[in-house]
Amino acid sequence: MSAIIPITPLPNAAAASADGLGCHAGKDQMLDAAAKAGKSEVLAQYAADYPKGPHDQPQSMCPAFGSLRVGLRMRRTATILSGSACCVYGLTFTSHFYGARRTVGYVPFNSETLVTGKLFEDIRDAVHEQADPDKLDCIVIINLCVPTASGVPLQLLPKEINGVRIIGIDVPGFGVPTHAEAKDVLAGAMLQYARQEAMAGPVAAPRQGRNSKPTITLLGEMFPADPMIIAQMIAPMGLAVGTVAPTREWRELYAALDCKAVAAIHPFYTASVREFQAAGRPIVGSAPVGIEGTHDWLGSIGAACGVSQADIDTARNQTLGAMRGVLAAQKINARITLSGYEGSELLVARLLIECGADLRYVGSACPATPWNKHDADWLQSKGVHVQFRASLEQDMAAVHEFKPQLAIGTTPVVQAAKELCIPSLYFTNLISARPLMGVAGAGSLIQVVNAAIGNQARFDEMKAFFGSVGQGDEAGVWEDVPVMHPDFKKEVRRQFEKKQKKRKAEEMG
Ligand code: SF4
């Protein structure tokens, strides 16, 4: 095999082997190293696809988890990581925590194999070894931060071995801001590959055969019942739900491209949208959440598919009547703040407002795109502060500012809210993991939110019982009553401030 591609030193091996490259290294240092290593083009594409804001560094899990998860959820697909052992440990741990039930491949490296280019050789050998067409349709290789910054050239891997497709992607934390957008990196790369295959000749039909009706591809990972609920909603317009992308199988990619229109339910799939547009498919943003959201979305889908106004009205009447009934019977009466990194935050925010909530703030770690503009405009017209690329600090500031009766957010936000004696719900585990669309979405959200708000009395009781025990300096296990040392604290602070001043003076001069 070494005769095919001889071992060549990496373009920027010296930079890659420099001490300190990783999450903890400066973003600029990593970007510079990657650019020198010949990755400028891919990084420029990421910069265009995933525009940065105040939140331009991962503040949650490693972004590569998004790509890893998309690969692990697909049948007949093997995923191999190339990166530092600590990164791979964290990523495999997280994927198994979320029930991957699949082996994650890993090609380890050391400074020698990185510097000499042997790492690429090892990756190529691993791919050849794995490429068994009886077991696999596709092998995904993901370059993490250090191999990306070192320029490990995955693009030089064969596109296909024994009929098994090979997809190599760079997913560095300094180029892809969130794990949500990392899902798009892999989904987009797969759609591009599948589109080129479809253009080159006949491709496999979906397992259950082609749908006789024109189909809508749903873009975004959603609760399993949501596609079925959407299918019922659009049936009066003569439309069917085709495939949900990212898909669960390679051949579904062709079905996803073979649609009448794409519903960008999750708005951050920029690279995937580019592939659908290249295939000539119109894209519709937002989603059928709440009465106004569903009304508008059904209208947009109908218009994109050339459906008559009469059929659009029939679809609207069928769903909106039932939804009005649910919303008339129960309400949310509470002040709420909402934040998350899944990309569906604005949809949940819309639904909360339509369910009666006094929502003050919605923060999303994802960026503003054409596909969430409608939702952002709608929310802002209701007086909600919409923060794209929200940082943890902004989410926390909103909790302090608005003193909500319920804080929905990421783990650190929920933890802080609980310390403040505010009932709170994890966005990812408790809100994302339930239906959101149509009548079922409204009913389910009202139920979980009202149950959480109803816990306020339990928080008050616990707070009254424990007081300030276990907070600040008193946290931890004590055998005696903690003794405060204010003088010591003062001295440590004085020394710290002195050091800070000295560092600043050195930086300036
Ligand atoms: S791959 Fe992920 S965990 Fe590793 S250095 Fe990059 S962002 Fe951090």
Side-chain angles (χ1 to χ4, degrees), residues 10 12-13 15-37 39 42-43 45-47 49-50 52-72 79-98 100 104-111 113-114 119-120 122-123 126 140-154 167-186 189 268 341-342 365-367 389 391-392 410-412 428:
L10 290 177
N12 196 29
S17 60
D19 184 31
L21 288 189
C23 278
H24 51 286
K27 172 192 60 175
D28 295 339
Q29 194 186 349
M30 296 293 275
L31 278 170
D32 187 47
K36 284 187 185 136
K39 295 281 182 184
V42 70
L43 289 173
Q45 185 65 62
Y46 288 164
D49 284 353
Y50 315 120
K52 293 178 181 167
H55 171 229
D56 57 0
Q57 282 286 101
Q59 280 191 307
S60 58
M61 65 184 86
C62 166
F65 179 62
S67 301
L68 178 61
R69 181 181 157 91
V70 166
L72 287 176
T79 311
I80 299 175
L81 296 175
S82 150
S84 304
C86 50
C87 310
V88 173
Y89 167 74
L91 286 163
T92 47
F93 179 91
T94 316
S95 54
H96 292 301
F97 178 79
Y98 282 102
V104 178
Y106 175 39
V107 180
F109 67 86
N110 56 33
S111 33
T113 60
L114 190 65
L119 170 59
F120 177 69
D122 289 345
I123 293 173
V140 177
I141 307 99
I142 302 174
N143 255 354
L144 303 177
C145 282
V146 170
T148 303
S150 323
V152 173
L154 296 182
I167 295 192
I169 50 171
D170 299 300
V171 192
F174 55 86
V176 182
T178 61
H179 85 286
E181 288 152 299
K183 291 180 196 171
D184 179 48
V185 174
L186 182 54
F268 52 81
Y341 47 63
E342 301 294 333
C366 293
R389 286 281 186 240
S391 64
L392 173 60
T410 53
T411 308
T428 303

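Heavy atoms only: backbone and side chains are in, while hydrogens, waters and symmetry mates are out. In each ligand, atom 1 is the first atom listed, and ligand 1 is the first ligand listed.
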Would you check if there is a donor-acceptor pair between the side chains of Asp184 and Tyr50 at a distance under 3.5 Å? yes
Under the side chain to side chain contact (heavy atoms under 4.5 Å, CB included) test, residues paired with Ala189 that sit two or more places apart: Ile167, Ile169
Output yes if Cys87 passes the N/O/S-under-2.8 Å test against atom 6 (Fe) of ligand 1; output no otherwise. no
Per-atom contacts, ligand 1 versus Cys62 - under 4.0 Å to a heavy atom: 1 (S), 2 (Fe), 3 (S), 7 (S)
What distance do Ile141 atom CD1 and Asp170 atom CG have between them, rounded to the nearest 0.5 Å? 11.0 Å
Interfacing atoms of ligand 1 (cut-off 4.0 Å, heavy-atom, Gly173): 7 (S)
Nearest 0.5 Å, please: how far is CG in Leu186 from CZ in Arg69? 13.0 Å
Just jot down the ring pair (Phe, Tyr, Trp, His ring centres under 6.0 Å) partners of Tyr98, sequence neighbours excluded, or say none. Phe65
Only heavy atoms of Cys145, strictly under 4.0 Å: list the atoms of ligand 1 that pass. 1 (S), 5 (S), 6 (Fe), 7 (S)
Leu144 heavy atoms, cut-off 4.0 Å: which ligand 1 atoms fall inside? 1 (S)
